[in-house]
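A short write-up of the structure that comes next.
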Amino acid sequence: MDEQTGDPAGAQGGGLDPRAELSEFLRTRRARLKPQDVGLPDLGRHRRVPGLRREELAQLAGVSVAYYTRLEQGNGRNVSAEVLDAIARALRLSDAEHAHLTHLARPGRRRKRPEPRGRQARPALRQLLDAMETVPAYVVGRRSEILAWNRMATAVFGDWGALPAQERNWARMVFLDPAHRELFVEWDQKACDMVAYLRMDAGRHPDDPALSALVGELSVKSEEFRTLWARHDVKEKSHGVKRLRHPLVGELTLLWESFRPAGEAEQSLVTYFAEAGSPSAEALRLLGSWNADTPADGPRTPAA
């Protein structure tokens with residue numbers, strides 16, 4: 001990070017520098033592999049760098065050392081899909097990491113204007129949230145912005161409607177808000193997942209100044225974010241289990257599912273529920289009854 005400006009490493013001209021992002025991603029993926037992981041002899045203390053050497057990775061991928069070196073230096077122009085596939089296999093990349101590498105090395109046509117802040121969930125989605133009377137649910141968009149939510153989401157996660165629009169953002173809440181930090185029992189895992197999501201977003205939209213500003217703000221204000229961002233980890237998750245420490249009903253164990261609404265490639269509908277008959281299911285029922293008179297105005301609150 002630039003110590004003078006507070007900008008994250010790789011920020012340039014109001015966005016993230018794709019060349020720097022590609023270079024650092026490949027370097028960090030190579031550094032995490034040990035020779036024995038890929039069937040190479042371990043030279044122990046004679047190795048000068050952590051992980052694989054460039055020439056070892058190039059050999060595994062079937063490309064020249066000079067070619068791979070240019071790619072790791074951020075020059076991904078004209079790289080073929082076949083070469084990227086070979087490098088992804090050599091680096092043992094996950095599907096999400098492979099997609100991220102492709103976005104960095106072969107960016108699609110840039111939009112003349114990035115998606116603006118505060119894009120709203122369409123009315124039908126807001127109505128759907130209202131209809132989900134017993135299920136905490138919300139719509140999240142680019143940059144982890146919370147676009148709409150229902151009454152049960154307010155009961156579980158707090159009154160997002162009381163926050164300024166720019167603060168209705170999962171990344172900001174996870175790293176900067178003490179109440180949300182306390183809410184997640186496995187906060188460390190939530191933080192890792194949040195940064196991995198933002199990394200994927202940055203790979204798709206490196207020229208987004210609003211995303212760059214968010215990363216810069218969090219890098220300045222949170223050492224934990226800064227450390228995680230430097231790892232260049234990426235991940236996509238569509239379901240899982242969250243354990244919450246609720247101030248009124250105690251610990252909740254909730255399953256969650258995330259869906260892409262039709263025609264909304266940049267938005268996700270996220271729902272939470274408890275196993276039938278579980279203590280968490282009863283706790284959700286109590287929260288719902290206590291908040292029955294709370295206006296379901298979250299979804300209708302503009303995000304900007």
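Counting begins at 1 with the first residue of the sequence. Note that the coordinates shown come from a computational prediction; the quantities given were computed from them, not determined experimentally.
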Please say yes or no: joined through hydrophobic side-chain contacts below 4.5 Å, possibly via intermediate residues, are L254 and L248 part of one cluster?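 Shared cluster, yes.
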
I'd like to know if L286 and Y272 are part of one continuous hydrophobic network [Ile/Leu/Val/Met/Phe/Trp/Tyr, side-chain heavy atoms within less than 4.5 Å].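 Linked, Y272 and L286 end up in one cluster.
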
So, [X] side chain and [Y] main chain: donor-acceptor pair closer than 3.5 Å or not?
| X | Y | value |
| --- | --- | --- |
| S144 | N169 | no |
| T227 | E223 | yes |
| R243 | F184 | no |
| S280 | T253 | yes |
| T28 | E24 | yes |

Does the side chain of [X] reach to within under 4.5 Å of the side chain of [Y], using non-hydrogen atoms?
| X | Y | result |
| --- | --- | --- |
| R260 | S238 | no |
| L33 | R92 | yes |
| L284 | T134 | no |
| H205 | E266 | yes |
| E145 | V140 | no |
| L93 | R29 | yes |
| H232 | H100 | no |
| Q73 | S23 | no |

Salt bridge or not between [X] and [Y]? Use side-chain N to carboxylate O under 4.0 Å.
| X | Y | result |
| --- | --- | --- |
| R151 | D130 | no |
| R172 | D177 | no |
| D201 | R143 | no |

V139 and S268: CA distance, side-chain angles, deciding distance, side-chain contact (heavy atoms from CB on, under 4.5 Å) verdict: CA-CA 6 Å; V139 175; S268 295; over 6 Å; no

Just jot down the side-chain hydrogen bond (donor to acceptor under 3.5 Å, both in side chains) partners of [X], sequence neighbours excluded, or say none.
| X | result |
| --- | --- |
| R204 | E236 |
| S94 | E97 |
| E133 | none |

Output the distance between atom [atom1] ([X]) and atom [atom2] ([Y]), rounded to the nearest 0.5 Å.
| X | Y | atom1 | atom2 | value |
| --- | --- | --- | --- | --- |
| W229 | S222 | CH2 | OG | 13.0 Å |
| L244 | L183 | CG | CG | 4.5 Å |
| D188 | D193 | CG | CG | 11.0 Å |
| L269 | L147 | CG | CG | 11.5 Å |

Considering all heavy atoms of both residues, which atom of [X] and which atom of [Y] are nearest to each other, and what is their separation?
| X | Y | result |
| --- | --- | --- |
| T271 | A137 | CG2-CB, 4.0 Å |
| H246 | L287 | CE1-CD2, 3.5 Å |
| Q267 | P261 | O-CD, 3.4 Å |
| A90 | L60 | CB-CB, 3.8 Å |
| A274 | A281 | CB-N, 3.5 Å |

Using a 3.5 Å cut-off and no angle test, enumerate the donor-acceptor pairs between side-chain atoms of residues 78-86 and protein atoms at least two apart in sequence or in another chain.
unit_1 : atom_1 : unit_2 : atom_2 : d
S80    : OG     : V83    : N      : 3.1
D85    : OD1    : H98    : NE2    : 2.9

Side-chain hydrophobic cluster, 4.5 Å single linkage: members besides V65: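 Members other than V65 - counting any ILVMFWY side chain reachable under 4.5 Å - there are none.
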
Test question: given the 4.5 Å side-chain rule for I, L, V, M, F, W and Y, name all other residues clustered with L255, or answer none.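 Cluster partners of L255: V241, F273.
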
Taking atom CD of E282 as the centre, does the number of heavy atoms from other residues, nucleotides or ligands within less than 6.0 Å exceed 12?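 Count over threshold, so yes.
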
Evaluate whether atom NZ of K237 has more than 12 neighbouring non-hydrogen atoms of other residues, nucleotides or ligands under 6.0 angstrom away.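 More than 12 heavy atoms, drawn from other residues, nucleotides or ligands, come within 6.0 Å of this atom.
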
Worked verdict on R245 versus E186 for salt bridge (Lys or Arg N to Asp or Glu O under 4.0 Å): CA-CA 10 Å; R245 191 183 294 109; E186 294 97 359; over 6 Å; no

[X]: side-chain contact (heavy atoms from CB on, under 4.5 Å) partners, not counting sequence neighbours:
| X | answer |
| --- | --- |
| P247 | none |
| A153 | W149, N150, F157, W160 |
| Y68 | L26, R30, R54, L57, A58, V63, E72, I87 |
| K221 | L176, E217 |

Would you say the side-chain atoms of R226 and S219 include a donor-acceptor pair closer than 3.5 Å?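 No pair is found: no donor N or O on one side chain lies under 3.5 Å from an acceptor on the other.
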
Ring-plane angle category for W170 and Y138, please: parallel below 30°, perpendicular beyond 60°, tilted otherwise.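 Rings of W170 and Y138: tilted, as their planes differ by 30° to 60°.
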
Test salt bridge (Lys or Arg N to Asp or Glu O under 4.0 Å) applied to R199 and D233, step by step: CA-CA 7 Å; R199 270 287 178 200; D233 291 338; over 6 Å; no

Who passes ring-ring contact (aromatic ring centres under 6.0 Å, His included) against F175, sequence neighbours left out?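 With sequence neighbours excluded, F175 shows a ring-ring contact (aromatic ring centres under 6.0 Å, His included) to W187, F225, given in chain and number order.
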
Could you work out, with ring-ring contact (aromatic ring centres under 6.0 Å, His included) as the rule, every residue matching F259, not counting sequence neighbours?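 For F259 there are no ring-ring contact (aromatic ring centres under 6.0 Å, His included) partners, ignoring immediate neighbours.
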
